[in-house]
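For reference, the structure discussed in these notes is given below.
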Amino acid sequence: MTVAAVAPRSAAARAGLAPGDRIVAVNGRPLRDAIDFQFHAGEEQLALTVERGGITAAKRLERRGSGLGLELAPPRPGDIATCANKCVFCFIHQLPKGMRRSLYVKDDDFRLSFLHGNYITLSDLDDASFERIIEQRLSPLYISVHATDPELRHALLGRPRHSAEILPRLERLAKAGIRMHAQIVLCPGLNDGAHLERTVAELAPLHPHVATTAIVPVGLTRHRERLPALRSLTPDEARALAAAADGWQRRALAELGSRFVFLADEIYLLAGLPLPDAIAYEGFPVAEDGIGLVRQFEDGFARSIARRRRPDHGQSLTVVTGELFAPRLRALLAGGGYDPAAVRVAAVPNDFFGPAIGVAGLLTGRDIQRHLAQAPELGRAVLVPAVAVRDGDGIFLDDLTPADLARDLGVPVRVVQPTPSALLNAIRDS
Ligand code: SF4
């Protein structure tokens, strides 16, 4: 493991560690990855074996408090386990050529599932990895289920070499006490209807080990070349799904004490239905996957508005979002007393990926630039959602930067975190 950063005056700094050092063992135990480091580095006294410039040395660390002041470098693409699947709906297969290389990494790595909540199929997981998950209690894990019918799942995963049967794998982890979050990418005409009902019914007995089952709609870009024919969910199908999910939730609540099945926000937005109340998300365990984020935002917005003496009238600016959330955001701002002629919400169509992609997180800099260039007025600033730029370096998916956008549009561009208070503060301060 390579040290990425050392906090000043921390235990790691006192031990003389520096960025670039390679930690090869902790208390004599060799490290395979960051999870091994976490697993072995919980003790108070640590003896690290460290390589620097070809020389190996021992470093002693004494943990005072919780942190060591040590940041490890993320795994390089070559160190990540990748999938051998060809899922019919894979988003990576639908990316155009020429984007940055990291976007094409088809990770299917249980370590990233544990550390970062990435979804894994378990289809290539060998016995040693199962044993490691169980021994190191790597829980929760995030599992792409899609269907419990073995033949259907095999087809959805693009007919991989190995059996794709999921239930025995989930049962093995459940028996060992590993907690899991299941996900179903819903492809109309393939794994919906009776198939979906079966999947939900066969996952439910694994609760509470399978803690939640999230249903998300398939995302189809305009770059589906030589890929299986698929279509997007229609608004009518989204409404029918919301009604079915309501029934499953009621039954699960009575039988399991949890609603167990949760729909992606996109499905309610597509259906034109209100989002369920916050209580129905049971603590928002999978909000990062778009399950309840809109409800959190809307409730947080109402609280933030109530705390402010009066809305900041008179600001003239443009707030960028995707087409899916734009009507909701306009309604929220109008309800909060903001003049829609002054605080304008720009619903930016996604030309890059195509009209079926309406979320803000997949907007490119050029689409924002092209759309806003046609606006009669932008006001004093343009606010872009932080979810559309990459963590760390703040670059859009197409490598444009907010500074490029500001230069092209001739107004300041501010990147705003996806929280109500950040948005309202940015409106006030711009
Ligand atoms: S598991 Fe399927 S969806 Fe995920 S990266 Fe592999 S092919 Fe794509």
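Counting convention: from 1, in listed order, for ligands and their atoms alike. What you are looking at is a predicted structure, and each value in this text was computed from that prediction instead of being measured. When a residue number appears, it is its place in the shown sequence, counting from 1.
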- Should Arg303 and Glu298 count as an ion pair when the cut-off is N to O under 4.0 Å? no
- Query: Is there a protein heavy atom less than 4.0 Å away from atom 4 (Fe) of ligand 1?
  - Reply: no
- Query: Are a donor atom and an acceptor atom from the side chains of His154 and Arg159 found within less than 3.5 Å of each other?
  - Reply: yes
- Query: So, for Phe110 and Phe130, is the gap between ring centers shorter than 6.0 Å?
  - Reply: no
- Any side-chain donor-acceptor pair under 3.5 Å between Asp289 and Tyr119? yes
- State yes or no: are the ring centers of His146 and Phe89 separated by less than 6.0 Å? yes
- Message: So, with waters excluded, how many protein N/O/S atoms does atom 2 (Fe) of ligand 1 have closer than 2.8 Å?
- Response: 1
Throw together a table of side-chain donor-acceptor distances under 3.5 angstrom for residues 347-363, partners on residues two or more places apart or in other chains.
{"unit_1": "Asn350", "atom_1": "OD1", "unit_2": "Phe352", "atom_2": "N", "d": "3.3"}
{"unit_1": "Asn350", "atom_1": "OD1", "unit_2": "Phe353", "atom_2": "N", "d": "2.8"}
{"unit_1": "Asn350", "atom_1": "ND2", "unit_2": "Leu362", "atom_2": "O", "d": "2.8"}
{"unit_1": "Asp351", "atom_1": "OD2", "unit_2": "Arg370", "atom_2": "NH1", "d": "3.4"}

